[in-house]
Amino acid sequence: MEHRDYFEDVYDVVRLVPAGRVTTYGAIAQYLSLRAGARMVGWAMNAAHGRDVPAHRVVNRIGVLSGKHFFGSPTAMQELLAAEGVLVQDDRVVEFRKVLWDPTTELQ
DNA sequence: CCCCTGACGTTGG
DNA sequence: GCCAACGCCAGGG
């Protein structure tokens with residue numbers, strides 16, 4: 001992958017996540033070989049507001065909705081996921097392992 | 001320039 | 001599985 005603005009690279013990957021599936025900050029960082037790491041993927045998402053990016057499909061490594069605070073209401077992220085068939089309970093994605101979509105293994 | 005704080009993750013105990 | 005310590009880079013104070 002090129003050394004273009006990596007924020008854009010992150011957004012491109014997030015846009016590839018199918019509805020009904022979720023991915024993680026770390027998986028994206030690994031797929032793009034970002035030396036910066038998962039933390040900067042989170043930073044990129046921070047700047048993704050208003051952009052055409054399905055940010056609700058990105059959760060942390062154990063399936064927790066760590067970014068829900070950055071959505072309009074406390075339940076907005078969960079509702080967006082539920083509308084796509086991804087159930088959330090106690091801020092955690094139900095059956096996380098099954099709905100996880102890892103670009104490194106899915107995009108070949 | 002130093003210190004702290006993150007939409008994070010790995011490692012070691 | 002839980003917790004603490006780091007590593008990571010960008011911004012803010």
Side-chain angles (χ1 to χ4, degrees):
Chain A
M1 190 80 55
E2 298 293 324
H3 52 71
R4 180 171 50 126
D5 182 0
Y6 75 88
F7 273 31
E8 292 303 325
D9 292 335
V10 171
Y11 301 154
D12 284 344
V13 176
V14 177
R15 281 190 269 255
L16 294 177
V17 181
R21 306 291 297 280
V22 298
T23 191
T24 72
Y25 304 97
I28 294 172
Q30 185 184 330
Y31 176 70
L32 295 176
S33 300
L34 293 182
R35 193 173 107 259
R39 199 155 209 153
M40 289 303 104
V41 173
W43 186 259
M45 298 312 292
N46 197 31
H49 270 290
R51 315 276 312 259
D52 183 25
V53 178
H56 59 284
R57 294 179 193 151
V58 187
V59 299
N60 76 2
R61 152 191 90 95
I62 57 174
V64 169
L65 279 53
S66 49
K68 74 168 200 169
H69 181 66
F70 292 80
F71 285 75
S73 77
T75 55
M77 186 175 184
Q78 173 172 341
E79 287 169 1
L80 285 169
L81 287 171
E84 299 177 344
V86 177
L87 300 181
V88 175
Q89 196 163 54
D90 298 322
D91 293 339
R92 238 201 18 79
V93 173
V94 177
E95 301 284 1
F96 176 59
R97 310 298 285 286
K98 294 184 180 177
V99 295
L100 174 60
W101 184 89
D102 184 344
T104 302
T105 59
E106 306 278 355
L107 292 178
Q108 305 198 16

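For the numbers below, each heavy atom of this structure counts, side chains included, while hydrogens, waters and symmetry mates do not. Lettering follows sequence order; numbering is per chain, from 1.
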Does B:dC8 have OP1 or OP2 sitting under 4.0 Å from an N or O in the side chain of A:S66?
yes
With a cut-off of less than 4.0 Å, is there a side-chain N or O of A:R35 near OP1 or OP2 of C:dC8?
no
Flag side-chain contact, heavy atom, 4.5 Å: A:W101 against A:L107
yes
Look at all strands and tell whether A:G67 reaches a base, only sugar-phosphate, or nothing, counting heavy atoms closer than 4.0 Å.
base
May I ask you to verify whether the side chain of A:R39 and the base of B:dG9 hold a donor-acceptor pair under 3.5 Å?
no
Which value, in whole Å, describes the distance between the C1' atoms of nucleotides B:dA7 and C:dG13?
22 Å
Given B:dA7, B:dG9, C:dA10, identify the nucleotide with an atom nearest to the side chain of A:M40.
C:dA10
May I ask you to say what A:H56 touches in the nucleic acid, namely base, sugar-phosphate or nothing, with a heavy-atom cut-off under 4.0 Å?
nothing
Within the 4.0 Å heavy-atom criterion, would you say A:N60 contacts the bases, only the backbone, or no part of the nucleic acid?
sugar-phosphate
Do you know the tightest heavy-atom contact between A:V94 and A:V99?
O-CG2, 4.4 Å
Roughly how many Å is it from OH in A:Y25 to P in C:dG7, rounded to a whole number?
24 Å
Give the rounded distance in Å between these two atoms: CZ of A:F7 and P of C:dC9.
14 Å
Around atom NE2 of A:H69, are there more than 12 heavy atoms from other residues, nucleotides or ligands closer than 6.0 Å?
no
Measure the distance from CE on A:M45 to P on C:dA10 and round it to the nearest whole Å.
18 Å
Among A:L16, A:V53, A:D52, which one satisfies side chain to side chain contact (heavy atoms under 4.5 Å, CB included) with A:Y11?
A:V53
Taking the side chain of A:A36 as its heavy atoms from C-beta onward, which of C:dG11, B:dC8, C:dC9 lies nearest to it?
C:dC9
Do the non-hydrogen side-chain atoms of A:W43 and A:V10 ever get within less than 4.5 Å of each other?
no
Of all the nucleotides listed (C:dA10, B:dA7, B:dG9), which has the minimum atom distance to the side chain of A:Y6?
C:dA10
What integer number of Å spans the C1' atoms of B:dC4 and C:dC6?
16 Å
Just checking A:A55: base, sugar-phosphate only, or nothing, at a heavy-atom cut-off of under 4.0 Å?
base
Which comes earlier along DNA chain B counting from the 5' end, the contact point of A:Q30 or that of A:F71, where each point is its nearest nucleotide?
A:F71
